[in-house]
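Counting starts at 1 for both ligands and their atoms, following the listed order.
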Amino acid sequence: MSKSPTIGVLAIQGDVREHITSLQACGVTAVPVKRPDQLESIDGLVIPGGESTTMSILAVKNNLFDPLRSLQRNGLPMYGSCAGLIMLANRIADGRSDQQTIGGLDIVARRNAFGRQVDSFEIDLPIPAVGEEDFHAVFIRAPLVESIGDHVEVLASIPTSVTHDDTERIVAVRQGNLLATSFHPEITTDLRIHQLFIDMVRSA
Ligand code: GLN
């Protein structure tokens with residue numbers, strides 16, 4: 001892709017503005033997307049953090065699931081943060097019984113996986129795919145990637161120095177044109193995850 005890409009941010013619920021600001025800071029055009037017809041002119045889609053059950057209800061109401069699923073199958077790059085990760089997961093643990101996802105990412109996403117007492121926390125996370133320096137990762141009632149299929153690449157797991165046990169807690173993954181993080185880079189000033197996604201969009 002030679003021209004600068006246009007990236008949509010699914011704008012039915014969640015921290016849309018923060019993603020738009022991060023994408024613009026990376027130098028690309030970012031547009032909110034609410035209706036199926038607005039999906040036609042984008043080169044990639046970000047699904048923000050928020051509340052995945054509400055997002056599911058509103059996506060049904062706005063007739064967005066069919067077009068989103070077919071764009072995903074046709075290879076449109078998508079990045080989901082937190083609730084957005086849940087929206088990209090093939091399967092959800094602890095979801096609402098009627099909760100739907102776009103799917104495509106061969107993972108089981110467990111909602112609210114870190115328990116009430118640690119609803120929110122911040123850690124310095126090694127993510128080799130974005131560089132040597134740790135990424136300051138903010139988790140807010142975050143999901144965990146509970147299991148992954150063969151074609152899913154793990155980009156980050158919570159370090160054992162934080163967890164003090166040897167269970168792997170996966171919090172960032174990539175599969176083909178799909179990228180997902182349990183945490184919220186859009187509420188920090190570190191643009192490396194958005195930049196990684198933009199690189200995926202450019203090479204798609
Ligand atoms: N707990 C939320 C959900 O299940 C996700 C939280 C977030 O996006 N910060 O959708």
Passing candidate, salt bridge (Lys or Arg N to Asp or Glu O under 4.0 Å) with Glu146, options Arg111, Arg169, Arg91, Arg110: Arg110
Can you give me every donor-acceptor pair (side chain of residues 148-160, partner residue at least two apart or in another chain, under 3.5 Å) with its distance?
unit_1: Glu153; atom_1: OE1; unit_2: Arg174; atom_2: NE; d: 3.0
unit_1: Glu153; atom_1: OE1; unit_2: Arg174; atom_2: NH2; d: 3.2
unit_1: Glu153; atom_1: OE2; unit_2: Arg174; atom_2: NH2; d: 3.2
unit_1: Ser157; atom_1: OG; unit_2: Glu168; atom_2: OE2; d: 2.8

Over all atoms of both residues, closest heavy-atom pair of [X] and [Y]:
X: Gln99; Y: Ile86; value: NE2-CG2, 3.8 Å
X: Ser81; Y: Tyr79; value: CB-OH, 3.5 Å
X: Leu23; Y: His194; value: CD2-CD2, 3.9 Å

Neighbouring residues of ligand 1, heavy-atom cut-off under 4.0 Å: Gly49, Gly50, Glu51, Ser52, Cys82, Ala83, Ile86, Arg111, Asn112, Ile140, Arg141, His184
Side-chain (Asn62) to main-chain (Leu64) donor-acceptor, under 3.5 angstrom: no
